[in-house]
Structures are given as structure tokens and as C-alpha cells.
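The next block holds one structure in the form of C-alpha cells; read it before the comments.
Just so it is clear, the values below take in all heavy atoms, side chains as well, and ignore hydrogens, waters and symmetry mates.
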Amino acid sequence: LLGTLNQTKVNYTGASRGNYRDETITYSRFGVNYSMFIQQAVKQIYPHFGWTVQTDYRDALGGDASKQWLLSTNLYLPGLHRTHSFVVGAAWQRRDSSGTYSFGNSFPGPRGYSAINHINMNRIALNYHFPLCYPDWGVGNIVYFKRIRPNVFYDFSSIENRFIVNS
């Protein structure tokens, strides 16, 4: 359980400096992280069953109407073999479209794409992890290889963004 009161100083530079004035944003942040796993063997990459839930809510205080809410979860299931793991992940992030201030992005976006921060974002991730081999060797006390494992995955994300045009 997390609850904090934060203050961020925003200093605009470059082309934005002439359009916006520097400001201080005070906001509250509330979050809950919870995880539950069953015990796993050394050779298992992930447990046969488990789940995680994370929620994070930010709300600007004062005249700023900025809000952002993230909900993210993972479900860990057994794979086809006792050392294989199937992980299903889902995430949802929503923020207001007031345009006064946007909080930093906490969304776990799809692999291979740069970080995005839009009004409404959704993600579903399917992962299958399995060990390829256990070399169990190192090089000069610098690098150690315990396990080599591939990960087959599928990511699906959708975003929604609304642009408000003043006429």
C-alpha cells in the first residue's frame, strides 16, 4: 500500500518556453501492489501458479485537473512441461484529456515500440517461457550463465487519443 504527497517543478525550455510558464505541480499518489505465488523449484523460470496486481492513481491538487490511473496484472500458469511457464498479462492506463499537465508514463507498453503516453491505453500480453539448456558455467568471474531460455510472446495494445482543436 502506497500513499504519498508529491511536488514537481516543471521548467519549460526551448520552443515551449515562450508558450508556457514554469509551474509547480502538487499531486497525491495512491497505489497497491499485491502478489501471490506458490513455491517453485530451482529449474522453474516462474511458479506454476501465481498472480500480481498493481494499481497506481495520481491526482493533481489545486487548479490542475490532471489525473492518471494504471491497473496492471499478471497471471502465472503451468506450461506443457514442468519447467515451462505461461504468463498472461493485462494492463490499462487512463488519464484525463484536460491538457494542463500529463504525468509520466507508467504503462508497460508492447515490446519493440517506444514509450507512448496517450489518454486511454490497453495491453494484453501472452508469454511462454521454457528453458533451452542449463550450461552452468562462467567466464573469468565476470559473466555467469545459469540458464538459456527463449520466450515466445504475443503483445496486443490499443490506444485512444483525442486532440482538442480550439477555433
Side-chain angles (χ1 to χ4, degrees), residues 1-14 16 25 27-59 66-95 101-161:
L1 187 59
L2 166 75
T4 60
L5 186 61
N6 304 281
Q7 196 169 52
T8 300
K9 177 80 172 158
V10 181
N11 296 315
Y12 293 99
T13 60
S16 297
I25 306 293
Y27 65 95
S28 60
R29 183 175 185 181
F30 300 98
V32 175
N33 292 325
Y34 182 78
S35 60
M36 191 269 313
F37 299 106
I38 62 170
Q39 190 173 5
Q40 69 188 65
V42 175
K43 288 193 171 187
Q44 289 176 323
I45 297 169
Y46 291 108
H48 276 288
F49 182 76
W51 57 280
T52 62
V53 175
Q54 172 195 4
T55 183
D56 186 23
Y57 179 74
R58 301 180 207 182
D59 187 4
S66 300
K67 294 174 182 15
Q68 179 174 299
W69 186 28
L70 168 72
L71 179 61
S72 177
T73 186
N74 286 311
L75 176 63
Y76 299 88
L77 300 168
L80 298 175
H81 187 267
R82 64 181 173 192
T83 58
H84 294 198
S85 299
F86 186 63
V87 183
V88 179
W92 174 80
Q93 181 173 290
R94 174 90 174 149
R95 69 175 174 86
Y101 179 75
S102 293
F103 291 104
N105 191 10
S106 301
F107 187 74
R111 287 166 271 209
Y113 290 88
S114 60
I116 52 177
N117 193 4
H118 293 286
I119 291 171
N120 194 10
M121 299 187 289
N122 303 294
R123 175 181 183 228
I124 295 175
L126 306 174
N127 297 278
Y128 193 81
H129 302 268
F130 58 97
L132 194 57
C133 64
Y134 295 90
D136 205 21
W137 58 272
V139 178
N141 289 333
I142 297 173
V143 177
Y144 180 74
F145 296 96
K146 179 178 180 179
R147 167 179 35 228
I148 296 175
R149 65 179 175 100
N151 173 22
V152 179
F153 66 90
Y154 174 78
D155 285 346
F156 174 80
S157 283
S158 66
I159 61 171
E160 174 189 342
N161 201 7

### Task
Please examine the side chains of Asn127 and Tyr154, heavy atoms only from C-beta on, and report whether any two atoms are closer than 4.5 Å.
no
### Message
What's the separation between atom NZ in Lys43 and atom OH in Tyr134, rounded to the nearest 0.5 Å?
### Response
6.0 Å
### Task
Please name the residue in the list Asp56, Thr4, Asn6 that meets the side-chain hydrogen bond (donor to acceptor under 3.5 Å, both in side chains) test with Arg29.
Asp56
### Summary
Distance col, row Gln93:CD vs Leu70:CG, nearest 0.5 angstrom, shows 5.5 Å
### Message
Test side-chain contact (heavy atoms from CB on, under 4.5 Å) on Arg95 and Phe103; report intermediate values, then the result.
### Response
CA-CA 8 Å; Arg95 69 175 174 86; Phe103 291 104; over 6 Å; no
### Message
Which label fits Tyr128 and His84: parallel for a plane angle under 30°, tilted from 30 to 60°, or perpendicular past 60°?
### Response
perpendicular
### Task
Decide if the gap between the ring center of His129 and the ring center of Tyr46 is smaller than 6.0 angstrom.
yes
### Task
For atom CZ of Phe156, decide whether the heavy atoms of other residues, nucleotides or ligands shown that lie under 6.0 angstrom number more than 12.
no
### Task
Could you tell me how the ring of Trp51 sits relative to the ring of Tyr34: parallel (under 30°), tilted (30 to 60°) or perpendicular (over 60°)?
tilted
### Message
Walk me through whether Ile119 and Arg94 qualify under side-chain contact (heavy atoms from CB on, under 4.5 Å).
### Response
CA-CA 6 Å; Ile119 291 171; Arg94 174 90 174 149; 3.3 Å; yes
### Task
Show your working on side-chain hydrogen bond (donor to acceptor under 3.5 Å, both in side chains) between Trp69 and Thr55 and close with a plain yes or no.
CA-CA 7 Å; Trp69 186 28; Thr55 183; 2.7 Å; yes
#### Entry: Ser158 side chain to Asn122 side chain, donor-acceptor N/O pair below 3.5 angstrom
yes
### Query
Quick one: OG on Ser106 to CZ on Arg58, what's the gap to the nearest 0.5 Å?
4.0 Å
